[in-house]
Amino acid sequence: MSGDTIRDLHVAIVGAGIGGLALAMGLEKRGVPYTIYEAAQEFSAVGLSAGIGFGPNGDLALDMLQEGFREKYDKVCVGNMPGEPQDIYYEGMLLEPGLGLNESWRGKTAWGHPDYVRRGVRHSPSTFKSFNYVNSTDINQAHRHAVLEIMTTFISAEKVRFSKTLMEIQQRSDKVILKFADGDVAEASILVGADGIKSTVREHVLRPLYPSQVEPVYANSYCYRGVITTSEAKEIFGDLTDVAKMYVGERLCCVTYLISKGDEFNFLLCALDDKPWELKNAVSQQITQEVMLADFEGPGVDERFRRLLKKARPVKWGFFYHRHTSTYYRDRVVLLGDSAHASLPFQAAGAGQGLEDSLILCNLLATIYHDRDQVAALAPYIRAGFAAYDAIRRPRAQRQLERAHEMSDMLHYRHPETGKRIESIASKLQKNWFEWIWFHDLKADIDAACKKMDAALNK
Ligand SMILES: Cc1cc2nc3c(=O)[nH]c(=O)nc-3n(C[C@H](O)[C@H](O)[C@H](O)COP(=O)(O)OP(=O)(O)OC[C@H]3O[C@@H](n4cnc5c(N)ncnc54)[C@H](O)[C@@H]3O)c2cc1C
């Protein structure tokens with residue numbers, strides 16, 4: 001980095017998860033200089049879930065970030081089973097014995113939208129080969145890997161630095177200095193923290209003014225998860241495996257959907273928790289199988305879930321989230337994806353919000369880099385651009401996070417409006433619950449962000 005004019009702009013992205021890679025894709029396409037620094041030794045997904053799906057907003061953001069993504073992505077997706085409606089997002093049923101199969105509401109408790117198309121990701125044989133999987137744990141990650149693998153095809157290899165764990169950030173008036181665990185030091189005009197829920201960059205952004213907001217908050221809930229073959233799942237659930245399900249219940253719930261072109265079945269068995277999370281620096285905890293099985297004991301739980309739980313690994317995955325975040329930036333450093341707005345997973349919309357962050361940010365940066373005077377000082381543009389990004393992205397991403405929490409309350413019979421009635425839960429989710437997330441005008445967001453930036457600069 002030589003100076004601090006617009007033509008010197010260089011973006012450092014920390015973290016090569018879905019958020020960081022999406023930003024890199026967008027910057028690559030728009031010809032804005034960047035480098036990604038990733039702690040892992042290779043592109044990898046140490047994510048919590050095996051499968052991942054994006055709503056229509058996420059699909060659209062990916063399309064707008066990089067033409068050609070969608071075509072590749074469609075090839076690794078799977079919806080509900082062939083013949084079943086693809087516009088069903090989930091069908092609600094009960095966790096209690098009988099699952100509600102003989103109730104009068106059966107068949108009326110699905111939610112989705114006529115313009116929604118269910119698409120979860122499957123792995124491809126080439127994905128397995130290229131990532132050199134050695135055991136079943138790795139295979140469970142393959143579905144998320146399939147997405148990351150496609151993303152990386154749009155990124156120049158020489159712009160990625162692996163084994164770079166960011167430890168320290170220093171901001172100067174004209175640059176950001178990044179210090180890594182191996183002793184390396186790098187400089188950039190701006191730093192984008194896409195380093196996930198336990199973010200080093202978030203600490204830097206929020207510690208001075210909002211120290212209580214740095215750490216993710218335990219949501220007093222956790223899950224057990226697993227991926228089994230669909231034929232194994234059919235032995236337990238029969239044709240109920242065909243359409244994605246949310247089984248709701250008193251303090252417990254279960255989410256299931258197909259992945260791997262319908263060959264595999266992804267499940268999460270979730271429980272509320274009265275106690276604080278025990279481990280200080282880890283969001284997952286190895287436990288015994290007895291302790292795990294005890295969570296789903298009792299007459300209120302259908303036997304089928306106990307059979308399913310026996311196929312999960314005895315690892316408790318805590319649900320953490322960033323409930324309050326007063327800003328997504330500090331001077332030259334900005335947050336993106338889970339570092340900004342880690343969420344509970346019940347709307348399957350967290351990564352989609354990270355894609356939207358990337359879309360807005362890469363358009364702002366491209367506007368600065370290509371459409372403004374190359375010799376103008378960069379600093380005012382960074383200030384105005386980050387303020388615009390924060391103004392457009394933060395309210396929407398925080399709303400998603402609040403609603404995911406509210407949805408958790410519904411699924412666990414804790415919501416004051418819907419109580420223990422599946423018909424009320426389904427009815428609430430059927431009435432415009434998801435539309436504002438899925439069918440949002442992203443082009444209007446880009447325009448509004450650019451306008452805000454210009455307005456701030458012209459003041
Ligand atoms: C159970 C579950 C299911 C979900 N399902 C969905 C779904 O279906 N759809 C959806 O949209 N969302 C879903 N989500 C949310 C989604 O997984 C996350 O929002 C998304 O993966 C976050 O991506 P990210 O790139 O921001 O962070 P991450 O994926 O966490 O990536 C962060 C990267 O930063 C790197 N890193 C961390 N610290 C450093 C450091 N100091 N230096 C350098 N590198 C560092 C890490 O190695 C990692 O590669 C789900 C979440 C959960 C928990």
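Counting starts at 1 for both ligands and their atoms, in listed order.
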Describe, in one word, how the ring planes of [X] and [Y] are oriented to each other, choosing from parallel (under 30°), tilted (30 to 60°) and perpendicular (over 60°).
X	Y	result
Tyr321	His405	parallel
Tyr389	Tyr328	tilted
Phe54	Tyr73	tilted

**Item:** Ion pair check, Arg202 and Glu215, cut-off under 4.0 Å
**Value:**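 Not counted as a salt bridge, because no side-chain N and carboxylate O are separated by less than 4.0 Å.
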**Prompt:** Do the charged groups of Glu38 and Arg161 touch, with an N to O distance under 4.0 Å?
**Reply:**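 Looking at Arg161 together with Glu38, the answer is no, because their closest N to O distance does not fall below 4.0 Å.
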Going by the order shown, which atoms of ligand 1 are within less than 4.0 Å of some heavy atom of [X]?
X	answer
Gly352	11 (O)
Ala39	43 (C), 44 (N), 45 (C)
Thr200	41 (N)
Gly15	33 (C), 34 (O), 35 (C)
Gly19	24 (P), 25 (O)
Lys164	42 (N), 43 (C)
Gly337	26 (O)

**Message:** A quick test of your reading: do over 12 heavy atoms of other residues, nucleotides or ligands sit less than 6.0 Å from CD of Gln286?
**Reply:**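 Counting neighbours around CD of Gln286, more than 12 heavy atoms of other residues, nucleotides or ligands fall under 6.0 Å, so yes.
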Nearest non-hydrogen atom to [atom] belongs to which of [options]?
atom	options	result
atom 16 (C) of ligand 1	Ala16, Ala22, Ala351	Ala351
atom 27 (O) of ligand 1	Cys270, Gly196, Gly17, Ser343	Gly196
atom 26 (O) of ligand 1	Leu178, Leu336, Asp338	Asp338

**Message:** Checking salt bridge (Lys or Arg N to Asp or Glu O under 4.0 Å) between Arg251 and each of Asp295, Asp274, Asp273, which is the one that passes?
**Reply:**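 Among Asp295, Asp274, Asp273, the one that satisfies the salt bridge (Lys or Arg N to Asp or Glu O under 4.0 Å) with Arg251 is Asp274.
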When you look for heavy atoms under 4.0 Å from ligand 1, do you find them on the side chain of [X], its backbone, both, or neither?
X	result
Val14	side chain
Ala194	backbone
Pro345	side chain
Ala349	backbone

**Request:** Test Ser343 against every option in Arg323, Gln400, Glu402, Gln398 by the side chain to side chain donor-acceptor pair (under 3.5 Å) rule and name the one that passes.
**Result:**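 Per the side chain to side chain donor-acceptor pair (under 3.5 Å) rule, the option paired with Ser343 is Gln400, out of Arg323, Gln400, Glu402, Gln398.
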**For Arg330, the option from Leu206, Val201, Val205 that meets side-chain contact (heavy atoms from CB on, under 4.5 Å)** =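 Among Leu206, Val201, Val205, the one meeting side-chain contact (heavy atoms from CB on, under 4.5 Å) with Arg330 is Val205.
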**Item:** Residue among Thr35, Thr165, Leu166, Ile169 satisfying side-chain contact (heavy atoms from CB on, under 4.5 Å) with Val14
**Value:**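 It is Leu166; the other options fail the test.
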**Request:** Check the side chains of Gln213 and Ser326 for a donor-acceptor pair under 3.5 angstrom, ignoring hydrogens and angles.
**Result:**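 Distance-only check passes for Ser326 and Gln213.
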Can you find an N or O of [X] that's nearer than 3.5 Å to an N or O of ligand 1?
X	answer
Ser339	no
Tyr257	no
Ile197	no
Leu166	yes

**Asked** Does some non-hydrogen atom of Gly354 fall short of 4.0 Å from ligand 1?
**Response**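 Under 4.0 Å: no for Gly354.
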**Item:** Euclidean distance, Cys223 SG relative to Phe346 CZ, rounded to 0.5 Å
**Value:**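 One finds 7.5 Å between CZ of Phe346 and SG of Cys223.
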